[in-house]
Amino acid sequence: MANGRFRIPVELKDVKKMEEGLDRRLLRFPVKYLLAWEEALLSFLRESNEKAAKSLSQPLKLDVQGSFGRNHVTPRGMNATMIHSLVKVEGIVTKAGLT
């Protein structure tokens, strides 16, 4: 926050060190973990520095980094089995739409 960033980097290898298998569960069920961790992060910030928490112009988000293994794909490599999983898509976006 001091440098104007609202994304907190989280390394998958550090998550694995905390609890064996937690990194794989995070990749498989990201909503279950990321939302809870982001809420806990904001709660911690409120408890430690209420003024900083109120001055946030946007919510804090976790930036998951590291080796995604088979969840690291290209746009062509994505398929239906990856729905609800955390994936890292490598490529250049030239056009996007919801249709």
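Heads up: numbering here begins at 1 and tracks the sequence.
- Applying the ring pair (Phe, Tyr, Trp, His ring centres under 6.0 Å) test to residues at least two apart or on different chains, none of the pairs has a partner in residues 52-96.
- A distance of 5.5 Å separates CD of Q65 from CD of E11, quoted to the nearest 0.5 Å.
- At a threshold of 4.5 Å between side-chain heavy atoms, the hydrophobic network of Ile, Leu, Val, Met, Phe, Trp and Tyr places F6 and I8 in one connected group.
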Next on the checklist: side chain to side chain contact (heavy atoms under 4.5 Å, CB included) for M18 and D14? Distances and angles first, verdict last.
Outcome noted: CA-CA 6 Å; M18 295 297 293; D14 294 335; 5.8 Å; no
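- The hydrophobic cluster containing V93, built from Ile/Leu/Val/Met/Phe/Trp/Tyr side-chain heavy atoms closer than 4.5 Å, comprises no other residue.
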Anything under 3.5 Å between a donor and an acceptor, one on a side chain of residues 19-40, the other on a protein residue two or more places apart or in another chain? List them.
residue : atom : partner : partner atom : Å
E19     : OE2  : R25     : NH2          : 2.6
R25     : NE   : Y33     : OH           : 3.1
R28     : NH1  : S85     : OG           : 3.3
E38     : OE2  : L62     : N            : 3.1

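- Listed by chain and number, the residues in a side chain to side chain donor-acceptor pair (under 3.5 Å) with T94 amount to none (sequence neighbours excluded).
- Counting only residues at least two apart or in different chains, salt bridge (Lys or Arg N to Asp or Glu O under 4.0 Å) contacts with residues 62-91 are absent.
- Across every non-hydrogen atom of N71 and L86, the tightest pair is ND2-O, 2.9 Å.
- Nearest heavy atom pair, residue L12 against residue S67, reads CD1-O, 3.4 Å.
- Cluster partners of M82 are V73, M78, V87, V89, counting Ile, Leu, Val, Met, Phe, Trp and Tyr whose side-chain heavy atoms approach within less than 4.5 Å, directly or via other members.
- Residues S55 and A52 approach most closely at OG-O, 3.0 Å, considering heavy atoms.
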